[in-house]
Each structure stands twice: as structure tokens, then as C-alpha cells.
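Just below is one structure, and these are the notes that go with it.
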Amino acid sequence: MKIATWNVNSLRVRIDHVIDWLKREHADVLALQETKTKDEDFPIDAFTELGYKVQFSGQKTYNGVALISRQEMTDVRTELSGLNDPQRRVLAATVDGVRIHNLYVPNGQSVDSEKYQYKLGWLEALRNQVSLELADYPNSILLGDFNIAPEDRDVHDPAAWEGKVLCSHSERDALKALLDLGFVDVFRSFDQEDASYSWWDYRAAAFRRKMGLRIDLILASGSLKDSCTASRIDVEPRRLERPSDHTPVIAEFTV
DNA sequence: ATGGTGGTCCAACCA
């Protein structure tokens, strides 16, 4: 199973990039975030014509997640229990016995903001739900835009980002609490180039200046991690005309 | 030190 995550920052604008990428990479599962697309406007046919099934949970203007899969998706969930959240940020489904959570973790804005508290509460609700579901689905993958850089090596300028949102201790602790359930950040299971990032701000020519963060992650549960054979970041879509500010992250499993 | 770009949708928000 080849699985990937990509924050597309508007599926309407990026649909040609996504379709071209699927034709090239032939992923089995692609998790999209920030589709910014209402469910009635989702471009279903563009994916079914390529032989994919689609599931989506969208809203107007903001957020929105989707799963594109060659195989059938079952037991689809779009809510975190205990969280009454109108923001469409979660899409869970089971594919070939593997439980997959596509996540658009709140950005958090800044550590002194209400949005940061929402982010921490959201991550706690996520941990609670994943912890419960692991009993039924030991083979589990969490992937998406985590809006957290796990370690300083995932940050172009750790000193400048020290304590800032996306890098703060509380966020990294919340990510560690997920990893403590047995999950592994599979990108780090393999040799990677220095300065491997998945997001670059549109501003200040950050991409050209290699000023990025690795905030798009694929976490595999303890029973799945040994079946992961590769993981990489595909930077090519970030070089295209009118790109998303994020680029795809890929992992391959023998299951 | 500040603000810079981009998407949505047309003013102001979110990132």
C-alpha cells in the first residue's frame, strides 16, 4: 500500500496538480487537507475516472478533508468523539483492514491565542479517540497536516522558531502523547536529506530560500511500522506554477 | 523591525 498526504490549499485551484500527481505516482491512498470545498461541489468524477473511490468532509471557505482510495473505504467517521466541532478536519476510514485517520490539525495561530488552546484540546480529543480505536484496529495510520514540527531538525531556523506556534513544547508534547500510543513517524525510519521540509510559507520567497518546516506527517502504529518499506517527501509539486504551500509526503507499506 | 503571499470571495478571515 502506497499512501500519501497533501495539504492542497483549495482543491478547486489544485485539481490539475492532484490528478497529474496521481497519474504519476499511482498512490493507493491519498489524504487531502484544506480542500476548502463544500461536499456538493466535490469533484468526484475527476477521481472516479482514474479508478479511485472518494470520501470527503468539507465546508465553505475553510478546512475540509478528503480520502482518495483505489480500494473500498468502510466505517467512515468525520467526528472526534467528545468534541462538538463544526470545523471539518477529520476523515477516518478503513482500507484493506488498515484504519486510516486523515487529519488537518488546527494551526493554532500563536501560543497566546484562543486558537492555540483549541489546537491543544483538539489534539487531546484525537488522542482519546485513537487510543480507543487501536483496540479494534491495531493496524492504524495517522496522517495529514499536523501543524507541528516534531523536532528542531524539522525546522529551517530552530532558534527563530523556538517556542513559536508549530514548534512549541506543548504542541510537541501533544504529538509525543500520540507517539506514546506506539506510533512511529515513518519518515524518520529512513535516511533523509538534511533540510527535508513539507511546507514553505508563500511569503518572503521562503521556498526559494529553503525556509521550510516538516509539519506533514505519516504515523504508523506499532503493529504496522515494521511493514513500512519507504517514506519520502515529493518536492516537485511545490515547484509548479501556482502551487500549494505544502508538498506531498509518501509512505509505502507491504500490507 | 516589519511585512511580505495566497485562497476565499469582495471585506476580512485564515494560514
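Nothing here was measured: the structure is a model prediction, and the numbers come from that model. Numbered from 1 within each chain, the chains take letters A, B, ... in sequence-line order.
Each of A/P150, A/C228, A/S231, A/S198 was scored for a side chain to side chain contact (heavy atoms under 4.5 Å, CB included) with A/F187, with one residue passing: A/S231.
Nucleotide B/dG6 holds its C1' atom 16 Å from the CZ atom of A/F207, rounded to whole Å. Protein atom CG of A/D245 is 11 Å distant from nucleotide atom C1' of B/dC14, rounded to whole Å. Residue A/M211 contributes atom CE, which lies 11 Å from atom C1' of B/dG4 at whole-angstrom precision.
To the nearest whole angstrom, the two C1' atoms, one in B/dA11 and one in B/dG7, are 14 Å apart. For B/dA15 and B/dC9, the P atoms lie 15 Å apart once the distance is rounded to whole Å. For the P atom pair drawn from B/dC14 and B/dC10, the interatomic distance equals 15 Å after rounding to whole Å.
By the 6.0 Å and 45° rule, A/R238 stacks over the aromatic ring of A/F207.
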Sort me out a list of protein N/O and nucleotides 7-9 of chain B N/O pairs below 3.5 Å, or just none if empty.
residue: B/dG7; atom: OP1; partner: A/R14; partner atom: NH1; Å: 3.2
residue: B/dG7; atom: OP1; partner: A/R242; partner atom: NE; Å: 3.3
residue: B/dG7; atom: OP2; partner: A/R242; partner atom: NH2; Å: 3.4
residue: B/dG7; atom: O3'; partner: A/S10; partner atom: OG; Å: 3.2
residue: B/dT8; atom: OP1; partner: A/S10; partner atom: OG; Å: 2.3
residue: B/dT8; atom: OP2; partner: A/R12; partner atom: NH2; Å: 2.7
residue: B/dT8; atom: O3'; partner: A/T61; partner atom: OG1; Å: 3.4
residue: B/dC9; atom: OP1; partner: A/K60; partner atom: NZ; Å: 3.3
residue: B/dC9; atom: OP1; partner: A/T61; partner atom: OG1; Å: 2.9

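Taken residue by residue, residues 106-118 of chain A places heavy atoms nearer than 4.0 Å to DNA chain B at A/N107, A/K115.
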Report task. Could you go through the salt bridge (charged side-chain N to carboxylate O under 4.0 Å, His left out) check for A/E236 and A/R239 one step at a time? Result -> CA-CA 5 Å; A/E236 289 309 315; A/R239 303 188 201 281; 3.3 Å; yes

Query raised in the report: Checking side-chain hydrogen bond (donor to acceptor under 3.5 Å, both in side chains) for the pair A/Q33/A/T5: CA distance, chi angles, key distance, verdict?
Result: CA-CA 8 Å; A/Q33 304 88 36; A/T5 178; 2.9 Å; yes

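With respect to the salt-bridge test (charged N to carboxylate O, under 4.0 angstrom), the residues A/D185 and A/K176 do not qualify.
Ring pair A/W161/A/W199 is perpendicular by interplanar angle, where above 60° counts as perpendicular and below 30° as parallel.
Nucleic acid contact class of A/R89 (heavy atoms, under 4.0 Å, all strands): sugar-phosphate only.
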Query - Dot-bracket notation for DNA chain B, counting Watson-Crick and G-U pairs under 3.5 Å, with | for partners on another strand - result: ....((((...))))

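Nearest-nucleotide assignment on DNA chain B puts the 5′-proximal partner with A/A204, out of A/D145 and A/A204.
Side-chain atoms of A/K210 and A/H156, non-hydrogen and from C-beta on, never get closer than 4.5 Å to each other.
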